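None of these values were measured; they are calculated from a predicted model.
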Amino acid sequence: MKIRKIKLIPIILFIIFSVSCSTKENIRVNIDIGDVNIVDLNKYIKILYNDFEIKLPKNSFNSKKYVKNFFLDDFSKAVEKKVEYFDTDTDFFKNSETFLENLKKTQNTLLITGKIRVDINNRNIIKKIKTKSGKRKKTFVQIQDWKMTSDILLIDSNTGKTIYKKSFTENIKDAESFDTKFNFETLFFKTTNKFIKFILNKTKIQDRYLLAK
(Lines give C-alpha, C1' and ligand atoms only; values in the text may rest on other atoms or scores of the structure.)
Protein backbone atom coordinates (compact mmCIF):
# COMPACT_ATOMS: atom_id res chain seq x y z
CA MET A 1 0.00 0.00 0.00
CA LYS A 2 2.83 2.41 0.76
CA ILE A 3 4.28 1.89 -2.69
CA ARG A 4 0.99 2.87 -4.33
CA LYS A 5 0.77 6.09 -2.28
CA ILE A 6 4.30 7.09 -3.30
CA LYS A 7 3.45 6.62 -7.00
CA LEU A 8 0.40 8.88 -6.64
CA ILE A 9 2.37 11.82 -5.19
CA PRO A 10 3.90 13.05 -8.52
CA ILE A 11 0.48 12.90 -10.20
CA ILE A 12 -1.18 14.91 -7.43
CA LEU A 13 1.60 17.52 -7.52
CA PHE A 14 1.24 17.86 -11.33
CA ILE A 15 -2.53 18.46 -11.02
CA ILE A 16 -2.03 21.10 -8.30
CA PHE A 17 0.62 22.89 -10.39
CA SER A 18 -1.58 22.86 -13.53
CA VAL A 19 -4.56 24.33 -11.68
CA SER A 20 -2.47 27.10 -10.11
CA CYS A 21 -0.97 28.05 -13.49
CA SER A 22 -4.35 28.20 -15.20
CA THR A 23 -5.46 30.96 -12.86
CA LYS A 24 -2.56 33.21 -13.82
CA GLU A 25 -2.53 35.60 -16.76
CA ASN A 26 -0.33 35.03 -19.84
CA ILE A 27 1.54 38.10 -21.13
CA ARG A 28 2.42 38.28 -24.83
CA VAL A 29 5.87 39.64 -25.70
CA ASN A 30 7.85 40.01 -28.95
CA ILE A 31 11.35 38.56 -29.02
CA ASP A 32 13.95 39.04 -31.76
CA ILE A 33 15.54 35.76 -32.78
CA GLY A 34 18.19 35.02 -35.36
CA ASP A 35 17.09 33.59 -38.70
CA VAL A 36 19.13 30.55 -39.71
CA ASN A 37 18.26 31.11 -43.38
CA ILE A 38 19.95 34.50 -43.57
CA VAL A 39 23.31 34.64 -45.35
CA ASP A 40 26.12 36.94 -44.26
CA LEU A 41 27.15 38.56 -47.54
CA ASN A 42 29.96 40.55 -45.92
CA LYS A 43 32.15 37.50 -45.41
CA TYR A 44 32.43 36.96 -49.17
CA ILE A 45 34.97 38.80 -51.32
CA LYS A 46 32.91 38.27 -54.47
CA ILE A 47 29.35 37.54 -55.49
CA LEU A 48 28.92 35.75 -58.80
CA TYR A 49 25.84 35.02 -60.88
CA ASN A 50 25.25 32.12 -63.23
CA ASP A 51 22.32 31.79 -65.64
CA PHE A 52 19.05 30.44 -64.30
CA GLU A 53 17.46 27.46 -65.98
CA ILE A 54 14.21 28.96 -67.31
CA LYS A 55 11.22 27.06 -68.68
CA LEU A 56 8.78 29.42 -70.33
CA PRO A 57 6.08 28.15 -72.75
CA LYS A 58 6.02 31.29 -74.88
CA ASN A 59 9.54 32.60 -74.76
CA SER A 60 9.03 35.60 -77.06
CA PHE A 61 11.72 37.62 -75.31
CA ASN A 62 15.15 36.98 -73.83
CA SER A 63 14.14 36.01 -70.28
CA LYS A 64 17.65 34.79 -69.40
CA LYS A 65 19.12 38.18 -70.22
CA TYR A 66 16.40 39.92 -68.22
CA VAL A 67 17.07 37.79 -65.10
CA LYS A 68 20.83 38.19 -65.53
CA ASN A 69 20.53 41.99 -65.74
CA PHE A 70 18.44 42.04 -62.58
CA PHE A 71 21.09 40.28 -60.47
CA LEU A 72 24.03 42.17 -61.97
CA ASP A 73 22.35 45.58 -61.56
CA ASP A 74 19.27 45.79 -59.30
CA PHE A 75 20.25 43.05 -56.84
CA SER A 76 23.79 44.43 -56.67
CA LYS A 77 22.45 47.86 -55.69
CA ALA A 78 20.04 46.38 -53.13
CA VAL A 79 22.78 44.47 -51.26
CA GLU A 80 25.40 47.17 -51.93
CA LYS A 81 27.90 44.67 -53.30
CA LYS A 82 29.15 44.15 -56.83
CA VAL A 83 27.80 41.08 -58.61
CA GLU A 84 29.79 39.61 -61.51
CA TYR A 85 28.82 37.07 -64.14
CA PHE A 86 30.33 33.62 -63.72
CA ASP A 87 31.32 32.74 -67.28
CA THR A 88 31.62 28.97 -67.59
CA ASP A 89 30.74 26.35 -70.18
CA THR A 90 29.42 23.93 -67.56
CA ASP A 91 25.85 23.77 -66.28
CA PHE A 92 25.29 23.36 -62.53
CA PHE A 93 22.04 21.43 -62.99
CA LYS A 94 23.45 19.09 -65.65
CA ASN A 95 27.05 18.65 -64.49
CA SER A 96 27.33 19.93 -60.94
CA GLU A 97 30.66 18.21 -60.20
CA THR A 98 32.60 19.97 -62.98
CA PHE A 99 30.74 23.21 -62.32
CA LEU A 100 31.74 23.24 -58.64
CA GLU A 101 35.37 22.40 -59.49
CA ASN A 102 35.53 25.52 -61.65
CA LEU A 103 33.80 27.55 -58.95
CA LYS A 104 36.30 26.51 -56.27
CA LYS A 105 39.04 28.27 -58.22
CA THR A 106 37.51 31.51 -56.94
CA GLN A 107 37.94 31.54 -53.18
CA ASN A 108 35.58 33.22 -50.66
CA THR A 109 32.90 33.67 -53.29
CA LEU A 110 29.13 33.34 -53.17
CA LEU A 111 27.38 32.20 -56.34
CA ILE A 112 23.73 32.82 -57.19
CA THR A 113 21.85 30.54 -59.57
CA GLY A 114 18.52 28.77 -59.75
CA LYS A 115 15.53 27.60 -61.75
CA ILE A 116 12.39 29.33 -62.96
CA ARG A 117 9.37 27.55 -64.34
CA VAL A 118 6.30 29.28 -65.75
CA ASP A 119 3.00 27.46 -66.27
CA ILE A 120 0.23 29.10 -68.30
CA ASN A 121 -3.36 27.87 -68.23
CA ASN A 122 -5.73 29.18 -70.91
CA ARG A 123 -9.48 29.18 -70.25
CA ASN A 124 -12.68 30.92 -71.29
CA ILE A 125 -15.05 32.83 -69.05
CA ILE A 126 -18.34 34.63 -69.65
CA LYS A 127 -17.95 38.37 -69.25
CA LYS A 128 -20.14 41.38 -69.90
CA ILE A 129 -18.59 43.45 -72.69
CA LYS A 130 -19.61 46.99 -73.56
CA THR A 131 -20.66 47.26 -77.23
CA LYS A 132 -20.36 50.28 -79.53
CA SER A 133 -23.97 51.18 -78.76
CA GLY A 134 -23.11 51.45 -75.06
CA LYS A 135 -25.02 48.35 -74.07
CA ARG A 136 -23.43 45.42 -72.30
CA LYS A 137 -23.76 41.88 -73.52
CA LYS A 138 -22.40 38.59 -72.30
CA THR A 139 -19.65 37.02 -74.36
CA PHE A 140 -16.88 34.46 -74.03
CA VAL A 141 -13.48 35.94 -73.19
CA GLN A 142 -10.22 34.03 -73.15
CA ILE A 143 -8.03 34.59 -70.09
CA GLN A 144 -4.85 33.10 -68.69
CA ASP A 145 -3.70 31.95 -65.27
CA TRP A 146 0.06 32.36 -64.82
CA LYS A 147 2.14 30.56 -62.21
CA MET A 148 5.86 31.15 -61.65
CA THR A 149 7.84 28.74 -59.48
CA SER A 150 11.37 29.87 -58.66
CA ASP A 151 14.14 28.02 -56.85
CA ILE A 152 16.98 30.34 -55.85
CA LEU A 153 20.29 28.84 -54.69
CA LEU A 154 23.32 30.40 -53.04
CA ILE A 155 26.50 28.32 -53.25
CA ASP A 156 29.69 28.73 -51.21
CA SER A 157 32.74 28.43 -53.49
CA ASN A 158 35.05 27.17 -50.72
CA THR A 159 32.92 24.15 -49.80
CA GLY A 160 30.85 23.76 -52.94
CA LYS A 161 27.78 23.44 -50.73
CA THR A 162 24.42 25.10 -51.25
CA ILE A 163 24.09 27.27 -48.14
CA TYR A 164 20.72 28.75 -49.05
CA LYS A 165 17.84 27.39 -51.11
CA LYS A 166 14.35 28.79 -51.16
CA SER A 167 11.34 28.24 -53.39
CA PHE A 168 8.95 31.04 -54.32
CA THR A 169 5.57 30.75 -56.03
CA GLU A 170 3.72 33.69 -57.55
CA ASN A 171 0.46 33.77 -59.52
CA ILE A 172 -1.52 35.99 -61.85
CA LYS A 173 -5.19 35.04 -61.97
CA ASP A 174 -7.58 35.92 -64.80
CA ALA A 175 -4.98 37.76 -66.88
CA GLU A 176 -6.49 39.25 -70.02
CA SER A 177 -3.09 40.43 -71.21
CA PHE A 178 -1.22 37.72 -73.11
CA ASP A 179 1.96 39.78 -73.15
CA THR A 180 4.57 37.22 -72.13
CA LYS A 181 7.22 39.78 -71.28
CA PHE A 182 4.89 41.88 -69.12
CA ASN A 183 3.50 38.92 -67.16
CA PHE A 184 6.93 37.34 -66.69
CA GLU A 185 8.39 40.61 -65.38
CA THR A 186 5.40 41.09 -63.05
CA LEU A 187 5.83 37.66 -61.46
CA PHE A 188 9.61 37.92 -61.34
CA PHE A 189 9.39 41.29 -59.58
CA LYS A 190 7.17 39.78 -56.86
CA THR A 191 9.61 36.88 -56.46
CA THR A 192 12.78 38.94 -56.24
CA ASN A 193 11.16 41.45 -53.91
CA LYS A 194 10.55 38.63 -51.40
CA PHE A 195 14.00 37.17 -51.99
CA ILE A 196 15.76 40.46 -51.24
CA LYS A 197 13.74 40.86 -48.04
CA PHE A 198 14.83 37.40 -46.91
CA ILE A 199 18.46 38.22 -47.60
CA LEU A 200 18.52 41.67 -45.98
CA ASN A 201 16.41 40.94 -42.87
CA LYS A 202 18.76 39.64 -40.19
CA THR A 203 16.20 38.91 -37.52
CA LYS A 204 12.63 37.78 -37.18
CA ILE A 205 10.19 38.75 -34.46
CA GLN A 206 8.25 35.91 -32.87
CA ASP A 207 5.59 35.91 -30.19
CA ARG A 208 6.39 34.45 -26.79
CA TYR A 209 4.16 34.16 -23.74
CA LEU A 210 5.29 34.83 -20.19
CA LEU A 211 3.37 33.66 -17.13
CA ALA A 212 2.45 36.66 -14.97
CA LYS A 213 2.76 36.31 -11.21
Side-chain angles (χ1 to χ4, degrees), residues 31-57 59 62-121 145-172 183-206:
I31 298 177
D32 289 343
I33 62 172
D35 188 339
V36 296
N37 293 326
I38 298 300
V39 178
D40 183 8
L41 301 179
N42 293 324
K43 75 175 187 177
Y44 294 99
I45 298 173
K46 279 186 178 182
I47 298 180
L48 298 178
Y49 167 81
N50 189 248
D51 290 321
F52 273 52
E53 180 180 285
I54 302 175
K55 294 183 179 180
L56 182 62
N59 199 356
N62 194 338
S63 56
K64 279 194 174 181
K65 184 179 179 181
Y66 176 79
V67 174
K68 175 184 175 181
N69 288 340
F70 165 80
F71 281 100
L72 296 186
D73 298 328
D74 297 333
F75 179 79
S76 175
K77 292 175 183 176
V79 299
E80 298 180 344
K81 289 182 75 72
K82 185 178 181 181
V83 180
E84 300 177 20
Y85 181 68
F86 183 52
D87 194 1
T88 177
D89 294 332
T90 57
D91 188 315
F92 174 74
F93 297 102
K94 294 178 181 177
N95 189 356
S96 60
E97 187 175 343
T98 305
F99 182 93
L100 293 175
E101 285 179 2
N102 293 333
L103 180 62
K104 286 181 180 179
K105 296 175 183 177
T106 307
Q107 293 294 307
N108 299 325
T109 298
L110 183 70
L111 181 126
I112 304 171
T113 190
K115 292 183 177 182
I116 295 176
R117 176 177 174 175
V118 176
D119 296 301
I120 304 172
N121 178 37
D145 293 330
W146 282 62
K147 179 182 178 182
M148 176 181 284
T149 306
S150 305
D151 295 321
I152 301 180
L153 289 73
L154 301 182
I155 304 172
D156 187 300
S157 68
N158 295 335
T159 62
K161 293 182 179 179
T162 300
I163 60 172
Y164 176 97
K165 180 179 180 181
K166 194 165 185 68
S167 294
F168 300 88
T169 302
E170 297 295 338
N171 298 277
I172 298 177
N183 289 336
F184 182 92
E185 290 179 0
T186 299
L187 292 170
F188 185 71
F189 174 79
K190 292 180 179 180
T191 298
T192 53
N193 189 44
K194 288 182 179 179
F195 171 63
I196 289 175
K197 285 182 179 179
F198 272 106
I199 293 298
L200 296 183
N201 290 343
K202 294 184 178 180
T203 59
K204 284 184 177 180
I205 296 178
Q206 289 193 356

Item to check | Worked check of side chain to side chain contact (heavy atoms under 4.5 Å, CB included) between Ile152 and Thr192 | outcome: CA-CA 10 Å; Ile152 301 180; Thr192 53; 5.5 Å; no

Checklist entry - Which is it for Met148 and Phe168 under the side chain to side chain contact (heavy atoms under 4.5 Å, CB included) test, yes or no, and what are the steps along the way? => result CA-CA 8 Å; Met148 176 181 284; Phe168 300 88; over 6 Å; no

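- Distance check: Ile112 CD1 to Phe70 CZ gives 8.5 Å after rounding to the nearest 0.5 Å.
- A 4.5 Å side-chain heavy-atom check between Leu100 and Phe92 finds at least one atom pair inside the cut-off.
- Between the OG1 atom of Thr149 and the NZ atom of Lys115 there is a distance of 12.0 Å, given to the nearest 0.5 Å.
- A distance of 10.0 Å separates CD of Glu101 from OG of Ser96, quoted to the nearest 0.5 Å.
- The number of heavy-atom neighbours closer than 6.0 Å to NZ of Lys190, taken from other residues, nucleotides and ligands shown, is above 12.
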Item to check | Criterion side chain to side chain contact (heavy atoms under 4.5 Å, CB included) on Phe188 and Val118, from CA distance to verdict | outcome: CA-CA 10 Å; Phe188 185 71; Val118 176; over 6 Å; no

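- With values rounded to the nearest 0.5 angstrom, Ser150 atom OG is found 9.0 Å from Ile54 atom CD1.
- For the pair Lys166 and Lys194, the minimum side-chain heavy-atom distance is 4.5 Å or more.
- Ring geometry for Tyr49 versus Phe71: interplanar angle under 30°, hence parallel rather than tilted (30 to 60°).
- Summarising the geometry, atom OG1 belonging to Thr186 is positioned 11.0 Å from atom CD belonging to Glu170; distances are rounded to the nearest 0.5 Å.
- In summary, the aromatic rings of Phe75 and Phe195 are positioned with their centroids under 6.0 Å apart.
- Side chain of Thr109 to main chain of Ile47: no donor-acceptor pair is present (N/O by atom type, distance under 3.5 Å, no hydrogens or angles).
- Enclosure of atom OH in Tyr66 by more than 12 non-hydrogen atoms of other residues, nucleotides or ligands within 6.0 angstrom is indicated.
- From Leu154, atom CG reaches atom NZ of Lys165 across 12.0 Å, with rounding to the nearest 0.5 Å.
- When side chains are defined from C-beta on, Thr191 does not count as touching Ile116, because their heavy atoms never get closer than 4.5 Å.
- The backbone N or O of Thr106 lies less than 3.5 Å from a partner atom in the side chain of Ser157, making a donor-acceptor pair.
- Annotation: side chain of Asn50 is in contact with side chain of Phe99 (closest heavy-atom distance under 4.5 Å).
- Nearest heavy atom pair, residue Lys64 against residue Phe52, reads CE-O, 3.4 Å.
- The number of heavy-atom neighbours closer than 6.0 Å to NZ of Lys147, taken from other residues, nucleotides and ligands shown, is 12 or below.
- Contact between Asn171 and Thr169 at its shortest, heavy atoms only, is ND2-CG2, 4.1 Å.
- Residues Gln107 and Asn158 are in side-chain contact: their nearest non-hydrogen atoms beyond the backbone lie under 4.5 Å apart.
- Put simply, the side chain of Asp151 does not reach to within 4.5 Å of the side chain of Phe93, judged on heavy atoms.
- Annotation: Asn121, atom CG; neighbour count of heavy atoms from other residues, nucleotides and ligands within 6.0 Å is above 12.
- Annotation: side chain of Tyr44 is in contact with side chain of Val39 (closest heavy-atom distance under 4.5 Å).
- Side-chain contact check for Asp51 versus Tyr85: some heavy-atom pair is nearer than 4.5 Å.
- Nearest approach of Leu103 to Leu111, heavy atoms of both residues: CD1-CD1, 3.8 Å.
- Of the possible donor and acceptor atoms, none in the side chain of Asn95 sits under 3.5 Å from a partner among the backbone N and O of Thr90.
- Closest of all the heavy-atom pairs between Ala78 and Leu200 is O-CD1, 3.9 Å.
- Taking 4.0 Å as the cut-off between side-chain N and carboxylate O, Asp119 and Arg117 count as a salt-bridged pair.
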